[in-house]
Amino acid sequence: MGLGAGVVLMVVGAVLALDAIAMPQAVTDVVRTDVVGWICLAMGALAIVLGVVTSRQAQRHPSDRR
């Protein structure tokens, strides 16, 4: 999962968490969309952080590694 997937997860999570769109009653009866939205936001932030960390490690020179 890279930076792009993290950004997409954060956008979807923000839409769901902040109720930016009205979900059908059939969905809201079964799923708490605000909770799913916060989970997506957290996973998106984690994906972005991990993507940045792994890309920085890949750019290091091999002699710098210990």
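Because only heavy atoms are used, hydrogens play no part in the values below, and waters and symmetry mates are left out as well, while side chains stay in. Remember, it's a predicted structure, so these values are computed and weren't measured experimentally.
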Using every non-hydrogen atom in the two residues, find where [X] and [Y] come nearest and quote the distance to one decimal.
| X | Y | result |
| --- | --- | --- |
| Gly13 | Cys40 | CA-CB, 3.6 Å |
| Val52 | Ser55 | O-OG, 2.9 Å |
| Ala47 | Gly6 | CB-CA, 3.8 Å |
| Ala17 | Leu41 | CB-CD1, 4.3 Å |

Drop me the distance from [X]'s [atom1] to [Y]'s [atom2], to the nearest 0.5 angstrom.
| X | Y | atom1 | atom2 | value |
| --- | --- | --- | --- | --- |
| Ile39 | Leu16 | CD1 | CG | 10.5 Å |
| Met43 | Leu50 | CE | CG | 9.5 Å |
| Thr54 | Leu3 | OG1 | CG | 7.5 Å |
| Leu46 | Met10 | CG | CE | 11.0 Å |
| Leu18 | Trp38 | CG | CH2 | 5.5 Å |

* Shared hydrophobic cluster, Val53 / Val7 (ILVMFWY, side-chain heavy atoms < 4.5 Å) ->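 In one cluster with Val53: Val7, no.
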
* Asked: In the single-linkage hydrophobic clustering (I, L, V, M, F, W, Y; side-chain heavy atoms under 4.5 Å), do Val15 and Val27 co-cluster?
  -> yes

